[in-house]
Amino acid sequence: MSRFALAVVLLTLVYCFALASFHPWDIFFGAVISSALLVVFRRFLFGGEPSEIAGLPGRVLAFFPFAFATLYNILAGTLEVTMVVLHLRPLNKPGIVAIPIEERTPLGVAVSMLATTLSPGTFLVDIDWERRVMLVHCLDASDPGRVIEEHQEFYRRWQKRVFP
Amino acid sequence: MHEIVFYVAAVWMTLLLGVSAVLVITAHSTSMRILALDMLTLILVAALVLFSDAQVTSYYLDAALILALLSFAASMAAARYYGERNLF
Amino acid sequence: MRPRLAAPVGAVFAALAFAATLWGWLLAGGGTVDLPWAPSWDLRFTLALDGLAALYSLLATGIGFAVTVYASRYLPLHLEHQGRSEADIPRFHFFILMFMGSMVGLVMAQDLILIFVFWDLTAIASYYLIGYDAHERDSRRSALMALLVTGITAVCLLIGALMLYAAYGTFSLPALIEASEPGALLAAAGALIAVAGLAKSAQVPFQFWLPRAMAAPTPVSAYLHSAAMVAAGVFLLGRFYPLIQKTDWLLDALLVVGLGSMAVGGILALTRNVLKQLLAYSTISQYGYVVFMFGLGGEYGAVGASFYVIAHALAKAALFLTAGAVTEATHGETRLSHLGGLRRELPFLMVASGFSAAGLAALPLTIGFFKDELFFEAALERGGVFPALAVAGAVLTFAYTWRFWSGIFLGERRSEAHGVPAAMTVPVAALGALVIAGGLYVAPFARLAQAAGEVTFNAPTPIDPAYHLDARAENLMALATYALGVLVILSRSFWIGAAEAFARLGELAGPERLYFASLKGLNAFSDRIHDLEVRDLRTRVATILGPTGVLVGAGLLFTPTRGAYEVGAIGPLDWPLFLALILVAVAAIATVFPRRHLTLALVLSSVGYILAVVFAFFGGPDVAMVQVLVETIMALLFIGILVLLPRKVLEREASNPIPRRRKVRDAGVALIAGFFAFAVSWSTLSQPALEESVAQEHIRLAPEAHAKDVVTAILADFRGLDTLGEITVVGIALLGIATLLSRGRLW
Amino acid sequence: MIAAVAPWVADALVVLGVFIMTVGVYGMIRMPDIYTQMHAASKAVFLGVISFLFASMFSGDPAIIFRAALIAVFLILTTPVAAHMIAKAAYERGEKMRTPGAVDQSGRGLNREAHPGD
Amino acid sequence: MILVSALTIAVLFGVGSYLLLQRDLIRVVVGIILVSNAANLFLISAGLSRGQAPIYPLEEGVEVSDPLVQAMTLTAIVIAFGISALLMSLVYRVYTSHLSLNLEDISEAEVREEESIESREVAED
Amino acid sequence: MIVFTLGLTWTLAVLLSLLDGRKHPVGGIALGGLAAGFAGLLVLGWEVFTNGPVTMVAGGWPPGVGITLRADALGVTFAVLSVGVILIALAYEAVSGIESRTFPALAMFMAAGLTGLFLTGDAFNFYVFFEIAMIAAYALTGYGERARQLRAAFIFAVVNLLGSVLFLIGVGALYHLTGTLDMRMIAERVAAAQPNAALLTAVAIFVAFSLKLGLFPFHYWLPAVYTGVRPSVAAMLSGALANIGSYGLLRFGGELLPQELEMGATALFVLGTTSIIYGALQAVSRRTMTEVLAYSAIGQVGYILIALGIGGPVGFAAAVVYAIINSLNKLLLFLAAGLRGWMVGAAFAVGAFSVAGVPPAAGFLGKLVLFQASLAVESVALVALIFIGGALSFVYSFQIYQRVFWKPQARAYKISPSTARLLVAGVAGLLLFAGAWPEPLLALGQRAAAAVLLGGAP
Amino acid sequence: MKTSVMTRVVARVLLVPALVVALAILIKGYADTGDGFNAGVIAALGMLLQYVAFGYEEAERMMPVRLVAVIAFGGLLLSLAVALLPLFWGLAIFTHVPGPGEEVIHLGTVELITPVVFDIGVFMLVFGFAVGAIDLLARAIHRRET
Ligand code: NA
Ligand code: NA
C-alpha cells in the first residue's frame with residue numbers, strides 16, 4: 001500500500017509539474033489519473049514485490065545524504081573530466097574494472113550503477129551475473145583496487161540504507 | 001547584457017549542435033555515431049531550454065521535456081541494434 | 001429458345017420494316033420525326049423519310065429480307081461445315097438486323113451528329129458480320145481492316161460536321177444546305193465528308209478492304225455489297241451532295257476517284273478467279289460509276305446515281321447469293337477455274353441469276369439497261385472525253401459479268417455438284433424477277449430514283465428513263481458497249497497478261513500493301529519504342545524531376561524576374577535561425593554519404609532533430625515538439641525494419657559501390673530537383689508578406705474558441721477537418737502496415 | 001537583493017553550462033575511443049543542460065521552473081541509461097580500448113596489450 | 001534570410017531527390033522523408049509573420065508567428081510520418097517477395113516478367 | 001446533405017477497419033454503405049444542379065477561417081463519378097470473393113477521401129483528402145500480395161509521394177501569395193501576386209496533377225502499376241483516383257490560376273500531344289490487355305490536357321466530359337480484363353468502341369467535344385493530332401480485343417462469376433446509354449465548366 | 001533479452017510518468033503547447049520504451065495490446081463523432097460546444113469543451129497507431145526468428 005501511495009504522490013507531482021499548476025482540481029485529476037494508470041499496470045510495475053516498503057520514513061530521510069553524495073561525485077567527476085579533456089591532466093590508464101555486486105538487490109544494483117554512470121569519470125558497461133560483478137569503465141583505472149574500494153565504500157556509506 | 005549573454009549562448013549552442021551533427025556523420029565507429037546523436041539530443045534539450053529562457057516562455061520546454069524523457073529510447077534502440085542486431 | 005428461330009424473327013422484322021417504309025413513303029408521303037436529343041449541344045433527333053431515304057431504306061430492308069431468308073438455310077450449313085454450334089445463329093441475325101436498322105436510321109437522319117452515329121453503327125455491324133468466323137485468322141484480319149478503314153475515315157465525317165457547325169451554328173442538314181456558301185471551309189468540310197463516303201463505298205484508294213471482306217459468310221457479302229455498307233458510302237455522297245456540289249474541284253476529284261475505281265475494279269474483276277472476289281471488284285467498279293456520275297454533276301448525274309444504286313443492288317445481291325449457292329452445291333468450291341457446266345445441276349439458279357447478270361451487264365429488257373442509259377446521258381451532258389470513258393467502263397462490266405455467269409453455268413463441268421435448298425434459290429429468283437420487272441416497267445423504280453435524285457440535286461429533276469427505239473447517242477453507246485464487250489470477251493488471251501500484271505502491280509504497290517505494311521510497321525515501331533520504356537524506379541523518378549526542372553526553367557523564361565527576387569535581410573536576432581538552417585542543409589547533404597543503414601538512420605535523425613530547432617526558432621513550439629516526437633518514433637520504426645531485414649542483404653547494399661557515371665547523373669538530376677525547389681521557394685518567399693491574412697483572423701478568433709494556443713485552436717477547431725483527415729491517414733497507415741506485415745490482422 | 005542578483009547568477013550558470021558542454025563536445029572529438037568519449041560526451045553535456053536548467057530557475061516563471069525541474073529529473077534517469085546502452089553495445093561488439101596501458105577486468109581482452117593479434 | 005531558407009529547402013529537396021535515385025530501397029524511403037522535410041520547411045517558411053509563439057497571452061507590439069502555417073506544417077509532418085511508416089513496411093514486404101533490397105534486381109524481375117508475357121502472347125499481325 | 005456521403009463513408013470505413021473484410025456480411029455492409037453514400041451524392045448533385053452550389057463552413061466560422069465545404073457542379077460531378085466507380089469495383093470484388101481483411105475498409109477510405117477532395121473548397125484541406133485517398137490507394141495497390149503487386153505498390157507510392165510533396169509546396173506557396181487557403185479567395189487574390197511566383201507555383205501544382213494523371217513524361221510509373229495490380233484495384237486507380245488529376249487541373253488550373261494556365265497553354269498542348277501519341281504508340285503492340293489499357297490510359301489523359309489548354313467554356317466542358325467518359329471506359333475495361341465469356345466480350349467491345357470514339361458508346365462524345373473545342377480555337381494541328389490519336393486507338397483497342405476475345409484461346413480460362421459479368425455488362429450498358437442519350441453528360445460538362453469559370457470571377 | 005537490470009528498472013520507472021506527462025500535455029493542449037497528437041506519441045513512446053527494454057513478449061504481457069486497434073479506431077470514431085454530431089442539431093460540422101462567447105467550465109486546467117474530446121480521439125488514434133505499428137513490427141521480427 002505504501003508503495004502504491006508513494007507512487008501516486010510522485011506521479012501526481014509529475015502531473016502538476018507538467019501542467020505547472022497546483023490547482024486543487026489538477027491535483028485531484030493527477031491523483032485520479034495516476035491511480036488509474038497504476039492499477040492498470042500494477043502487474044507490470046509491482047508484480048512480485050511486496051506492496052509495503054519496509055522502513056519508508058528512514059529511507060526517505062537517508063535519501064538526501066545519498067543524493068548529496070552523488071552530487072558531490074558528479075561535480076568531482078566533472079572537474080576530472082574537464083581537466084583531462086583540456087589537456088590539463090594526462091589520460092592515465094583508463095579501463096574496465098569489475099566491481100563485485102556483493103549483497104546488493106537488483107534495485108540496488110540499478111541505483112548504484114545509475115549513480116555511478118551519472119558521475120563523469122565512471123560508467124557502467126555491463127553486469128556479469130555469473131561472476132556477480134559490475135563492469136565499470138573508469139577514466140582513471142590505474143589502481144583498480146582503489147576504484148573498487150571507493151565504490152563499495154560509497155555503497156555502504158550512502159546508498160545501502162536507501163536502496164539496498 | 002543578459003540578452004547578449006543568452007543570444008551569444010544561443011548562437012554557440014547552435015554551433016555545438018552543428019559540431020555534434022558533424023560528429024554523427026564523421027565518427028569512426030557506429031557506437032560513436034550513436035553517442036554523438038545522443039549528445040546531439042542533449043544539446044537540443046539545452047538549446048530549447050536556453051531559447052525558453054531567452055524568450056521567457058515555457059513553450060519550448062515541453063519539447064525539451066519529452067526529449068529528456070523519451071529520446072533516449074531511440075539511442076537505446078540504435079545501440080541494441082548495433083550491439084546485438086536485435087530490437088524489441 | 002431455339003437458335004434457328006432467329007432467322008424467321010429477322011425475316012419478319014425485315015419484311016415489316018420494308019412494308020412500313022413503303023407505306024410511309026407512298027401513302028403517308030414521307031414524314032418527319034424531330035425530337036430534342038441533346039439540347040445543350042444543339043443536337044436534335046431528326047429523321048425524315050424523303051426520297052433518298054426511301055430509296056435506301058427500301059433497299060436495306062428489302063434486300064435484307066432476301067438475305068435473311070437465304071441465310072435461314074445457308075447459315076446452318078455454313079456452321080455445320082465449320083463444326084460450330086448453332087448457338088451462333090442468333091448473333092448473325094442480330095447484327096444483320098442492327099445493320100438494317102442503322103442503315104434505315106442513317107438514311108433518314110437529318111442531324112449531322114445523328115448521321116455520324118448511324119454511320120458508325122453500320123461500321124460496327126459490318127465489323128461483326130465480317131468477323132463472324134472469328135476463329136479464322138483471315139476473318140479477323142479482314143474484319144479489323146474493314147473497321148479500321150471505315151471507322152477511322154468516319155472520323156472525317158465527324159470533323160466535317162463539326163466544321164460546319166462551327167461555321168454555321170447548326171447540325172441540321174437542311175438548315176446547312178440553306179445557309180452554306182461556297183468557300184474554303186465548305187470545300188474542306190465537303191472533302192472530309194466525301195472521304196468518309198468514298199472509303200465506305202470502297203473507292204480507290206480505299207478499295208482494298210472490300211475484297212478482303214469476302215471472308216464473311218456469303219449472305220453478309222451480298223448484303224454489304226448491294227444494300228448496306230457500300231451503298232451507305234454513296235448514300236452519304238448523295239445526302240451531302242447539295243453541299244459538295246458547291247465546290248467545283250470536289251466534283252472533279254469525285255470524277256477522278258470514280259474513274260479510277262471503275263478501271264481498277266473492272267480490270268481486276270476480269271482477272272479474279274474466286275467468285276466472290278470477282279464480284280467484289282465488280283462492286284468497286286460499279287460504285288465507281290455512281291461516284292463518277294456524282295462527279296459529272298447535273299440532274300442526270302444525280303438521278304442516275306440513285307437509279308444506278310437500285311439496279312446494281314438488285315443484280316449484285318442476286319449474284320452474290322448465286323455464288324454462295326454454287327459454292328454450297330459444289331461442296332465448297334469457290335474458284336471459277338474449277339467450276340463450270342452447272343446448267344444441268346442448277347438450271348433454276350442459272351436462269352434466275354442469268355436475269356441478274358443481264359441486268360448488271362445492262363442488256364435491254366432489264367432494269368440495268370436504264371442504269372446505263374442514265375449513265376450515258378450524264379456523260380453526254382458533260383461532254384468531252386467522258387462519253388468514251390463511260391462506254392469503256394460499261395464494256396468492262398459487260399465482260400466480267402459474262403465471265404462470271406458463263407464460268408459457272410456454261411462450258412464443261414469441272415466439279416461435283418448437287419442441288420441446293422429452295423430457300424437459297426428463291427431469293428435469287430425473286431431478285432432476278434425484279435431486275436426483269438424493272439426492265440419491263442421502269443416507272444416505279446424511276447420514280448423512286450427521281451425522288452431520291454431531287455433530294456440529292458436539291459432541285460426538281462424531270463427525268464424519265466424509257467426505251468427509245470431510235471439512233472440517239474445513248475442507244476448507240478449501248479450498242480457499242482455490247483459489241484466491244486463481246487470483243488473483249490473473245491480477245492481474252494490478248495489482254496489477260498497485261499491485266500494480271502496490273503493486278504500484280506496492285507498487290508506489290510497498292511494501298512492494301514500499304515495498309516499491311518503500315519500496320520506491321522506500326523507494331524514493330526511500337527515494340528521498338530517499348531524498349532525505351534523505363535522499367536526501374538530510379539529513372540521513373542528522374543523522368544519526373546527532370547521535366548519539372550525544365551518546366552520551371554521555362555516558367556522563369558516567360559515571366560519577368562527583375563525585382564521579383566529578394567535576398568532578405570538577416571536581422572540581428574536571426575543568426576541562430578540562420579545557423580540552424582545551414583546545419584539542416586549540411587546534415588541533409590550528409591545523408592548522401594553513409595553506406596551503413598544504421599548510420600543513415602542516425603544522420604536522418606539528426607536532420608530531423610535540427611529541423612525541430614529550426615521550427616522552434618520560427619516560433620512554433622508545437623511544431624518543434626511534434627517534429628521531435630515524430631523523429632524519435634521514426635527512428636524506432638527505421639531500426640525495427642533494419643532488424644527485420646537480414647544482415648547479409650543490408651551489407652550487400654552497403655558495400656555495393658555506385659559507378660561514377662551514375663553518381664554524376666544522379667547528382668545532375670538532384671541538382672535539377674534542387675533548382676526546382678529553390679526557384680519555387682525563392683520566388684514565393686520573395687513576395688513581401690501580406691499584411692492581411694486569414695492567420696490574423698485565427699489569432700483574433702482563438703479566444704472565441706476558448707483557446708489560448710492558436711495552433712491547437714486551428715487544429716482542433718477552425719481546421720479540425722484537416723486534423724481529422726490527418727489522423728485518418730495515420731489510421732489507414734496502420735491498416736496498411738497490418739495488411740503488409742500480418743495479412744490485415746490488427747491483433 | 002535576490003531579485004537583483006538572480007539575473008547575474010542565471011547568466012553565470014548559462015556561461016558555465018555553455019563551457020561544460022563545449023568541453024563535452026571537444027572531449028568527444030579528442031578522446032581516442034568510445035569508452036573514454038563517453039565520459040565527455042554523455043556526461044559533461046548532461047551537466048551543461050542541468051546548469052541551464054538551474055539558470056532557468058531564476059526566471060521566476062513557475063511554468064518554466066516546474067518544467068525545468070521535471071526535465072532535470074527525467075534527464076538524471078535517462079542519460080545514464082542511454083550512455084550505458086551505447087557502451088554495452090560497443091563492449092559486446094568487442095570494440096577495443098585505444099589508450100595505451102588500458103586496464104581490462106572484463107575478461108574479454110578489450111585492451112590492446114592483452115591480445116595484440118585479436 | 002529568404003535566400004537562406006530557399007537554399008536550405010532546395011538542398012533538402014535536392015538531396016532527397018538524389019536518394020530517390022538510389023538503388024537501395026531504404027535510401028529511397030529516406031529520400032521521401034527528406035523531400036517531405038523540404039516541404040515542411042517550406043510550409044513554415046511561407047508563414048506571413050514571424051515572432052513570438054502564437055499562444056495567449058500575447059505580448060503587445062511583438063510580431064506573432066503565423067499560426068496557420070504551423071498548423072499546416074504539423075498536419076503535413078504527421079501525414080508524412082504515417083506514410084513513411086507504411087512505406088517502410090512496404091520495403092520489408094518487397095524484400096520478402098523479391099529477396100533483394102536492390103531496385104536493380106527488382107526492375108530485372110519486372111523486365112523478366114514482361115519478357116515472359118511477350119514470348120507467351122505473340123502479337124497478331 | 002453535403003457531408004452525408006463524406007460522413008457515412010468515413011464512419012463506415014473506420015468501423016470496417018475493425019472487421020474482417022473477407023466475411024460476406026462485411027462486404028455487404030461496405031457495399032450497402034457505399035451505395036447509400038452514392039445515393040446521397042446523387043441527391044446532392046440534384047440539389048446543386050437545381051439550386052446552385054451548396055456550401056458549408058466547418059465550425060460555423062466565417063469562410064476562410066473555418067474550412068469551407070463547397071459542392072458545385074464540377075466537384076459533385078467528379079464525386080459522383082469516382083464514388084460510383086469505387087462502388088462498382090467494390091461490388092466486383094465482393095462478388096468474386098474478397099481476399100483481404102482490409103480491402104473493404106481501404107476502398108471505403110478511398111471513397112471518403114475522394115468525396116472530401118471533390119467537395120472541399122479549401123486548398124490545404126484538398127491536400128489532406130488527397131492524402132487520405134492516396135494512402136488508401138498505396139495500401140490497396142499491394143492487395144493480392146504477389147511480388148508484382150508489392151512492387152507496383154512501392155513504385156506507385158514513391159512516385160506519387162513525390163507528387164504529393166510538389167502539391168504541398170504549391171499549396172504553401174499559394175498561401176504565402178494570397179494569405180488564405182479558401183479556393184475562392186485564392187482565385188480572387190492570386191492575380192495580385194507576382195507573376196513569376198504564381199507561375200512557378202502553378203508549375204509545381206501542374207506537375208503534381210500530371211503525375212497523378214500519368215501524363216507523358218510523368219507516366220513511367222503507370223504501366224507497371226496498372227498491370228501489376230488486381231483488376232478491381234486497377235479500375236479504382238484509373239477510374240476513380242486518376243480523376244484527382246483531371247479535377248485538380250480544372251480546379252487549380254482553370255479556377256485558381258487561370259492566367260498561369262493560359263500562359264502554359266503551349267506546354268499543355270505539347271505535353272498533351274506527346275502523351276496522346278506516345279501512349280497510343282506504346283499500346284499498339286502490347287501483348288496483354290492490362291498493358292494495352294495502361295498505355296491507353298496515358299494516351300487518353302493527353303486529350304484532357306489539350307482540352308484544358310484550349311480552356312474557356314468549350315475547353316473545360318470538353319475536359320470534364322472526356323474525363324468522365326475516360327473514367328468509365330477504364331472502369332469497364334479493367335474489370336472486363338479479369339473476366340471471360342461472351343457477355344464480357346460484348347462489354348469489352350463496348351469499352352473498346354468507346355475508347356476509339358465509335359458511337360453509340362459514350363466515347364464518341366469525348367471525341368466530339370474535343371474536336372469541337374479544337375475547332376473553336378481554329379487549330380488544324382490539334383484536329384489532326386486528335387485524329388491520329390483516335391486512329392491509333394482504333395488499332396490498339398481492336399487488336400487486343402480480337403486477340404483476347406476472338407482468337408481461339410490456347411489456355412482455358414476459368415469461368416467467371418456471373419454476377420461479376422453482369423456488373424461489367426451493366427457498366428457497358430451505362431456507356432451505351434450515355435452515348436445514346438448524351439444530353440445529361442453534355443449538360444453536366446457545360447455546368448461544370450461554368451463552375452470553373454465562375455469560380456475565377458471576382 | 002539482453003538489456004541490463006539498470007535499463008529495465010529505469011524503463012519500468014518511466015512508464016507511468018510518461019503516460020502522466022502525455023495526459024498532462026493532452027489536457028493543457030488547448031491552453032498551452034501540446035495537443036492530442038503529441039500526447040499520443042508520448043504515451044506510445046512510454047509503452048515502446050518497454051518494448052526496447054524488456055522485449056516484445058514481456059512488454060505484451062504487461063498490457064492488453066489486443067485493444068490497440070480498438071483504441072486507435074475507437075479514437076478516430078470519437079473524433080469523427082465530435083465532428084459530425086452537430087449535424088443532428090442542424091449545425092455545421094465541427095461546431096463545438098460551448099460556442100463562441102459562451103461560458104466554459106474550468107476544472108483546474110481541464111476545460112469542459114468538445115474540442116478536448118476531439119483531441120482525446122486524436123490521442124487515442126495516434127497512441128494506437130504508434131504502439132500498433134511497432135507491435136506488428138516486433139511480431140514480424142519474432143516470427144522471422146522462429
Ligand atoms: Na496546444
Ligand atoms: Na495534429
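Values below: all heavy atoms of this structure, side chains included; hydrogens, waters and symmetry mates excluded. Every chain is numbered from 1 and lettered A, B, ... according to where its sequence line falls, protein lines coming before strand lines.
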Just wondering, do [Y] and [X] contact through their side chains at under 4.5 Å, heavy atoms?
{"X": "Ser693(C)", "Y": "Leu68(E)", "result": "no"}
{"X": "Phe615(C)", "Y": "Ile77(E)", "result": "yes"}
{"X": "Phe81(E)", "Y": "Leu637(C)", "result": "yes"}
{"X": "Val710(C)", "Y": "Leu58(E)", "result": "no"}
{"X": "Tyr18(E)", "Y": "Leu671(C)", "result": "no"}
{"X": "Leu25(E)", "Y": "Glu653(C)", "result": "no"}
{"X": "Leu41(E)", "Y": "Leu581(C)", "result": "yes"}
{"X": "Thr723(C)", "Y": "Leu74(E)", "result": "no"}

Atom group of [X] that falls short of 4.5 Å from chain E, counting heavy atoms:
{"X": "Ile714(C)", "answer": "side chain"}
{"X": "Thr684(C)", "answer": "side chain"}
{"X": "Leu600(C)", "answer": "side chain"}
{"X": "Arg665(C)", "answer": "neither"}
{"X": "Leu604(C)", "answer": "side chain"}
{"X": "Val729(C)", "answer": "side chain"}
{"X": "Ala679(C)", "answer": "neither"}
{"X": "Phe675(C)", "answer": "neither"}
{"X": "Leu611(C)", "answer": "side chain"}
{"X": "Leu644(C)", "answer": "both"}

Who wins among [options] for the most heavy-atom pairs under 4.5 Å with chain C?
{"options": "Leu86(E), Leu21(E), Val15(E)", "answer": "Leu21(E)"}
{"options": "Glu110(E), Met72(E), Arg23(E), Glu108(E)", "answer": "Arg23(E)"}
{"options": "Ser17(E), Ser89(E), Ser65(E)", "answer": "Ser89(E)"}
{"options": "Ala53(E), Gly51(E), Gly82(E)", "answer": "Ala53(E)"}
{"options": "Asn102(E), Leu103(E), Asp66(E)", "answer": "Asn102(E)"}
{"options": "Ile106(E), Leu48(E), Leu99(E), Val35(E)", "answer": "Leu48(E)"}

Side chain to side chain contact (heavy atoms under 4.5 Å, CB included) with Val623(C): of Asn40(E), Val69(E), Leu43(E), Thr73(E), only one passes, and it is Thr73(E)

Around atom [atom1] of [X], are there more than 12 heavy atoms from other residues, nucleotides or ligands closer than 6.0 Å?
{"X": "Glu692(C)", "atom1": "CD", "result": "no"}
{"X": "Arg743(C)", "atom1": "CZ", "result": "no"}
{"X": "Glu651(C)", "atom1": "CD", "result": "yes"}

Under 3.5 Å, is there a donor-acceptor pair between the Asp666(C) and Gln22(E) side chains? yes

By number, which residues in residues 91-98 of chain E have some heavy atom less than 4.5 Å away from chain C? Tyr92(E), Arg93(E), Tyr95(E)

Might you point out which heavy atoms bring [X] and [Y] nearest each other, and give the distance in Å?
{"X": "Ala670(C)", "Y": "Gly14(E)", "value": "CB-O, 3.3 Å"}
{"X": "Met634(C)", "Y": "Ile33(E)", "value": "CE-CD1, 3.5 Å"}
{"X": "Val11(E)", "Y": "Ala588(C)", "value": "CG1-CB, 4.3 Å"}
{"X": "Thr8(E)", "Y": "Ala585(C)", "value": "CG2-N, 4.1 Å"}
{"X": "Ala702(C)", "Y": "Tyr56(E)", "value": "CB-CE1, 3.9 Å"}
{"X": "Arg50(E)", "Y": "Phe618(C)", "value": "CD-CD2, 3.2 Å"}

With a cut-off of 3.5 Å and sequence neighbours excluded, list every side-chain donor-acceptor pair involving residues 732-741 of chain C.
{"from": "Thr739(C)", "atom 1": "OG1", "to": "Leu735(C)", "atom 2": "O", "distance (Å)": "2.6"}
{"from": "Thr739(C)", "atom 1": "OG1", "to": "Thr102(F)", "atom 2": "OG1", "distance (Å)": "2.9"}

